[in-house]
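Here the structure is a predicted model, which is why all the values come from computation and not from measurement. All heavy atoms count here, side chains included; hydrogens, waters and symmetry mates do not.
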Amino acid sequence: MSRRSGILEFAVLGLLRESPMHGYELRKRLNTSLGIFRAFSYGTLYPCLKTLVANGWLIEETGNAPADLPPATGRAVAPASSLAGRRAKIVYRLTAEGKEHFEELLSHTGPDSWEDEHFAARFAFFGQTEHEVRMRVLEGRRSRLEERLEKMRASLARTRERLDDYTLELQRHGMESVEREVRWLNELIESERSGRDQRRSSPESSAPQNTAGESDGLPRHRGHTPPDPSDDTGK
């Protein structure tokens, strides 16, 4: 399995954990909610869905297509009687095994979870992720970017005199993108720590806590959206 297909399977399982969907709706959610998949097609999604069904992580059910499903172009309009039958669509539902598999994937904190596209997908499902796992992923991502930033600075120092103004400006832009994400990660990590410390010092801290889906760790008003890894020109 390629890394990108693995990320897509993770995202599909995560979205279907929220509610069953058919392919068109699922593709819309992947494009609008998870911008890292804005360039993929039905030809990529449906083989992924078939694989997940074959693994027993999804089941297919018959449902109705949404009202906003775009009509086919270049074809004659079918009679209403046949149209009603044609609009039956396959709805994909997460199985108990699929939920268990997704939760296992959520617990992974290895180097793959720090890489650009995989981190973006993992971050999109932080609301379903345990606090300790969120912290390890955030700290790992920060460490990876700090390593990248160090290499970029060293490379720029060696080649600065040989670069024209435009190439030099592009290198600086790439460094600024990485520096901006490191600052953002620092804010998130500090907020996660502060939120956990506040819960521990609260008189109600002895009550059972649901650490998956906690939003207390997120900065309330950062005034900007998470950096898009695709904007990182310093890879």
Can you confirm whether more than 12 heavy atoms, excluding those of [X], are under 6.0 Å from its [atom1] atom?
X	atom1	answer
E100	CD	no
E147	CD	yes
D165	CG	no

How long is the straight-line distance from [atom2] of [Y] back to [atom1] of [X], given to the nearest 0.5 Å?
X	Y	atom1	atom2	value
L8	L30	CG	CG	6.5 Å
L45	R27	CG	CZ	8.0 Å
L170	L163	CG	CG	10.0 Å
S177	R148	OG	CZ	10.5 Å
S155	K151	OG	NZ	11.0 Å
R134	I189	CZ	CD1	12.5 Å

Closest heavy-atom contact between [X] and [Y]?
X	Y	value
L156	M175	CD2-SD, 3.6 Å
W114	R136	NE1-O, 4.0 Å
V137	R122	CG2-NH2, 4.0 Å
E25	P20	OE1-O, 4.5 Å

Backbone N or O of [Y] within a donor-acceptor pair of the [X] side chain at under 3.5 Å?
X	Y	answer
T95	G98	yes
T32	K28	yes
T129	L106	no

Can you tell if the side chain of [X] reaches within under 4.5 Å of the side chain of [Y], non-hydrogen atoms only?
X	Y	answer
S143	E139	no
L138	F126	yes
C48	E9	yes
R193	H131	no
T51	W57	no
L16	L52	no
F102	E97	no
L13	L58	yes

Hey, is [X] close enough to [Y] for a salt bridge, meaning N to O under 4.0 Å?
X	Y	answer
E181	R142	no
K99	E104	no
D116	R141	yes
R17	E103	yes

Margin query: Please tell me whether I59 and Y46 are part of a single hydrophobic cluster in this structure, the criterion being side-chain heavy atoms less than 4.5 Å apart.
Written below: no

Next item on the list: Would you please test K50 and V53 for side chain to side chain contact (heavy atoms under 4.5 Å, CB included) and show each step?
Entry: CA-CA 5 Å; K50 293 300 182 184; V53 170; 5.6 Å; no

Next item on the list: Specify whether Y24 and H22 have parallel, tilted or perpendicular ring planes, treating 30° as the upper limit for parallel and 60° as the lower limit for perpendicular.
Entry: parallel

Checklist line | Stepwise side chain to side chain contact (heavy atoms under 4.5 Å, CB included) check, R153 with E150 | finding: CA-CA 5 Å; R153 287 169 175 163; E150 183 177 349; 5.9 Å; no

Next item on the list: Run the numbers on R29 and E18 for side chain to side chain contact (heavy atoms under 4.5 Å, CB included), then give the verdict.
Entry: CA-CA 11 Å; R29 288 290 306 278; E18 299 174 3; 3.0 Å; yes

Notebook entry, point to check: Step by step, would you call L26 with L49 a side chain to side chain contact (heavy atoms under 4.5 Å, CB included)?
Noted result: CA-CA 10 Å; L26 188 56; L49 291 170; 3.7 Å; yes

Note to self: Under the side-chain contact (heavy atoms from CB on, under 4.5 Å) test against M21, which residue among V12, L15, V91 passes?
What the structure shows: L15

Next item on the list: Evaluate salt bridge (charged side-chain N to carboxylate O under 4.0 Å, His left out) for R183 paired with E176, printing each intermediate quantity in order.
Entry: CA-CA 10 Å; R183 290 194 298 270; E176 289 172 359; over 6 Å; no

